[in-house]
Amino acid sequence: MSEPAHQHHRFTCHAMATTFDVLINHADADETYASQAAQAVFQEIARLEDELSRFRASSDIYRLGQLKAGESILVGMAAWDCLSLAKAMHAETQGAFDITIGPMMNLFVTSSGEPRQVSKEVLEEARQIIGSQRFDLDEDTMRVTVHASGMIFDLGAMGKGYALDQASDMLQDWKINNFVLNAGDSTILAIGAPSGKDAWSITLGGGETRTQLKNRAVSGSGFAVKGAHIMNPRLFAPVPIKKRRTYALAPTAALSDALSTAFMVMEPEEIQTLCGRYAEVEALELEV
């Protein structure tokens, strides 16, 4: 971000395996009030991690992974919101976005992050528990039913964005209306604008490209940090490593988060068509 530091109050915490930054315009609050608001935000992010992490036995997402075919559970609002959006994005992107693709990651990438070969038999077995069509949502009861045993639900491609959206609502409840929320530089949500400016100036990639954000989010996906970690749910295979990073701009951070991942899988024509349907959604691609 390119705004002068003295104009803002900045606070940082570590959660969801990344660093969260809260940048509050100084005109909105003094240091003490801004600090209190930021701490409330960090507590909310910690609570959401408890509810959404597939590695925490108390979470709804973990419990979903323990179900057998035909079983169901009631979930809380955070899990419901994320699962509903994930289901919608799976349909909207014709399967390019899928939160159940986790078994592919376990097969094609070793624990140290190295790629490996997978036999057809093992791959076919994994395919039987992959696909967002294998779970259903009952809106009246907030009940989730699975149709395969031992599915892996992983919100890593949208959970941080959802946390930023909830943090944004909280800050606005505190009457703070000009701020930037940043989840590890991969997803950034900007509300309002700093004093004397029309929007927040946000740097992307290595800092050579900037975008202006106001009441909008931007998310990026690529291979520079984690290597071949993005799976293609359509082909049941890793997305080939390329020297590029895709960005999605959208009204909410959860949506931009999901779309940036989907854009790594989708063809350029598909991306253009999707963006054409939604005026507030844009795609960018940068060489890295």
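Because the structure is a prediction, the values reported are computed rather than measured. Excluded from the calculations below are hydrogen atoms, water molecules and symmetry mates; all remaining heavy atoms, backbone and side chain alike, are included.
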Q: Tell me if the centroids of the rings in F153 and F135 come within less than 6.0 Å of each other.
A: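 Here the rings of F135 and F153 have centres that are less than 6.0 Å from each other.
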
Q: Hey, are N25 and S195 close enough side-chain-wise for a donor-acceptor pair under 3.5 Å?
A: yes

Q: Work out which heavy atom in I24 is nearest to a heavy atom in L171; give both atom names and the distance.
A: CD1-CD2, 4.4 Å

Q: Testing the 3.5 Å rule here: is there a donor-acceptor pair between the side chains of S260 and S221?
A: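 Yes, a side-chain donor-acceptor pair sits under 3.5 Å.
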
Q: Could you tell me whether D30 atom CG has more than 12 heavy atoms of other residues or ligands within 6.0 Å of it?
A: yes

Q: Could you check whether E280 pairs with R216 (Lys NZ or Arg NE/NH1/NH2 to Asp/Glu carboxylate O, under 4.0 Å)?
A: no

Q: What pairs of donor and acceptor atoms, side-chain ones from residues 91-100 against any protein atom, are under 3.5 angstrom apart with sequence neighbours left out?
A:
from : atom 1 : to   : atom 2 : distance (Å)
E92  : OE1    : Y278 : OH     : 3.0
E92  : OE2    : R277 : NE     : 3.2
E92  : OE2    : R277 : NH2    : 2.3
E92  : OE2    : Y278 : OH     : 3.3
T93  : OG1    : M89  : O      : 2.7
T93  : OG1    : A96  : N      : 3.3
T93  : OG1    : F97  : N      : 3.1
Q94  : NE2    : A91  : O      : 3.4
Q94  : NE2    : E92  : O      : 3.3
D98  : OD1    : T100 : N      : 2.8
D98  : OD1    : T100 : OG1    : 2.7
D98  : OD1    : S132 : OG     : 3.0
D98  : OD2    : H90  : NE2    : 3.3
D98  : OD2    : S132 : N      : 3.1
T100 : OG1    : G131 : N      : 2.6

Q: Is there a continuous path of hydrophobic side-chain contacts, each under 4.5 Å between heavy atoms, that joins V122 to M231?
A: yes

Q: Assigning hydrophobic clusters by single linkage (Ile, Leu, Val, Met, Phe, Trp, Tyr; side-chain heavy-atom cutoff under 4.5 Å), is I152 placed with V75?
A: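 They do not share one cluster, since no chain of ILVMFWY contacts under 4.5 Å joins I152 to V75.
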
Q: Given the side-chain rings of Y33 and W174, with only the six-membered ring counted for Trp, is the space between their centroids under 6.0 Å?
A: yes

Q: Does the side chain of N182 reach to within under 4.5 Å of the side chain of T187, using non-hydrogen atoms?
A: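 Answer no - side chains too far apart.
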
Q: What is the minimum heavy-atom distance between A193 and K197, and which atoms define it?
A: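 Result for this residue pair: CB-O, 3.4 Å.
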
Q: Taking the side chain as every heavy atom from C-beta outward, state whether D154 and I101 have any atom pair closer than 4.5 Å.
A: no

Q: For a 4.5 angstrom cut-off between non-hydrogen side-chain atoms, does F11 reach D21?
A: no

Q: Do W80 and Y62 share a hydrophobic cluster, counting only Ile, Leu, Val, Met, Phe, Trp and Tyr and linking them when any side-chain heavy atoms are less than 4.5 Å apart?
A: no

Q: Is it true that, when you exclude E31 itself, more than 12 heavy atoms of the residues, nucleotides or ligands shown sit nearer than 6.0 Å to its CD?
A: yes

Q: Tell me whether the NZ or CZ atom of R127 lies within the 45° cone about the ring axis of F236 and under 6.0 Å from its centre.
A: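 Checked: cation-pi criterion met.
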
Q: Would you say T32 and Q36 are linked by a side-chain donor-acceptor pair, where the criterion is simply a distance under 3.5 Å?
A: no

Q: Determine whether D136 and T145 satisfy the following criterion, side-chain hydrogen bond (donor to acceptor under 3.5 Å, both in side chains), listing intermediate values before the conclusion.
A: CA-CA 5 Å; D136 291 326; T145 303; over 6 Å; no

Q: Would you please test L155 and R54 for side-chain contact (heavy atoms from CB on, under 4.5 Å) and show each step?
A: CA-CA 8 Å; L155 298 178; R54 72 181 181 92; over 6 Å; no

Q: Restricting to non-hydrogen atoms, name the atom on D165 and the atom on A254 that form the minimum distance, rounded to 0.1 Å.
A: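 Closest pair (atom of D165, atom of A254, distance): OD2-N, 2.9 Å.
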
Q: Assess whether a salt bridge exists between R63 and E71, defined as any Lys/Arg side-chain N lying under 4.0 Å from an Asp/Glu carboxylate O.
A: no

Q: Check this for me: Q117, atom CD, are more than 12 non-hydrogen atoms of other residues, nucleotides or ligands nearer than 6.0 Å?
A: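 Incorrect, the count does not exceed 12.
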
Q: Please answer: with hydrophobic residues joined when any side-chain heavy atoms are less than 4.5 Å apart, are M77 and L52 in the same cluster?
A: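 In one cluster: yes.
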
Q: Are the side chain of H14 and the backbone of F20 linked by a donor-acceptor contact shorter than 3.5 Å?
A: no

Q: Can you find a pair of side-chain heavy atoms, one from S59 and one from D50, that are under 4.5 Å apart?
A: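 Heavy-atom side-chain distance check fails, nothing below 4.5 Å.
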
Q: Would a 4.5 Å heavy-atom cut-off, applied to side chains only, mark L204 and R210 as touching?
A: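 Side-chain contact under 4.5 Å: no.
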
Q: Would you call I191 and Q172 a side-chain contact if the rule is heavy atoms closer than 4.5 Å?
A: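 They are in contact (side-chain heavy atoms under 4.5 Å apart), so the answer is yes.
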
Q: Regarding S72 and R143, is there a side-chain donor-to-acceptor distance under 3.5 Å anywhere?
A: yes

Q: Check whether any side-chain heavy atom of L123 lies under 4.5 Å from a side-chain heavy atom of F108, and answer yes or no.
A: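 With C-beta onward as the side chain, the pair touches.
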
Q: Minimum heavy-atom separation for S219 and A253, please, with both atom names.
A: OG-O, 4.0 Å

Q: Do you see a donor-acceptor pair shorter than 3.5 Å between the side chains of Q39 and Q43?
A: no

Q: Can you name the closest pair of heavy atoms from R134 and A148 and give their distance?
A: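 Smallest heavy-atom distance, with atoms named: CD-CB, 4.2 Å.
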
Q: Closest heavy-atom contact between A79 and I61?
A: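 Minimum heavy-atom contact is CB-CD1, 4.3 Å.
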
Q: Does R47 come within less than 4.0 Å of E51, counting only side-chain N to carboxylate O?
A: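 E51 and R47: salt-bridged.
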
Q: How about Q66: does its CD atom have over 12 heavy atoms from other parts shown lying under 6.0 Å from it?
A: yes

Q: Just wondering, do L181 and I188 contact through their side chains at under 4.5 Å, heavy atoms?
A: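 The answer is no; the side chains never approach within 4.5 Å.
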
